[in-house]
Amino acid sequence: MSGNEVKITTEFIKLDALLKFAGLADTGGEAKLLIQNGEVSFNGEVCTMRGKKVRPGDRVSVDGRGEVKVV
């Protein structure tokens with residue numbers, strides 16, 4: 001799943017919603033746990049904020065599940 005791009009049509013998408021939208025998490029609850037457990041990196045740094053605003057150009061990765069770039 002490495003290097004996938006996710007296209008959004010809004011100014012930003014919240015981190016937990018992006019994980020579901022990109023298929024890195026099956027449910028919102030799973031996305032919440034991944035973020036709380038420190039398994040999600042935002043532009044190379046661990047991010048534990050579910051509501052983090054992800055904008056085009058940002059990269060999000062989940063340990064062992066891959067990375068997406070928002071465009």
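- For the pair Asn43 and Gly57, the tightest heavy-atom approach, listed with the atom from each and the gap, is OD1-O, 4.4 Å.
- To the nearest 0.5 Å, the span separating CG on Asp26 from CG on Leu19 amounts to 11.0 Å.
- Pairs engaging residues 44-55 under the salt bridge (charged side-chain N to carboxylate O under 4.0 Å, His left out) rule: Glu11-Arg55, Asp16-Arg50 [sequence neighbours left out].
- In summary, of the residues considered (Ile8, Ile13, Val71), a side-chain contact (heavy atoms from CB on, under 4.5 Å) with Pro56 occurs for Ile8 alone.
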Donor-acceptor pairs under 3.5 angstrom involving side-chain atoms of residues 32-42: please list them, not counting sequence neighbours.
unit_1, atom_1, unit_2, atom_2, d
Asn37, ND2, Leu33, O, 3.2

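- The distance from atom CG of Asp58 to atom NZ of Lys69, rounded to the nearest 0.5 Å, is 10.0 Å.
- Judged as a side chain to side chain donor-acceptor pair (under 3.5 Å), and not counting sequence neighbours, the contacts of Glu30 are Arg65.
- Val68 and Phe21 fall within the same hydrophobic cluster, where Ile, Leu, Val, Met, Phe, Trp and Tyr residues are linked whenever their side-chain heavy atoms come under 4.5 Å apart, directly or through other members.
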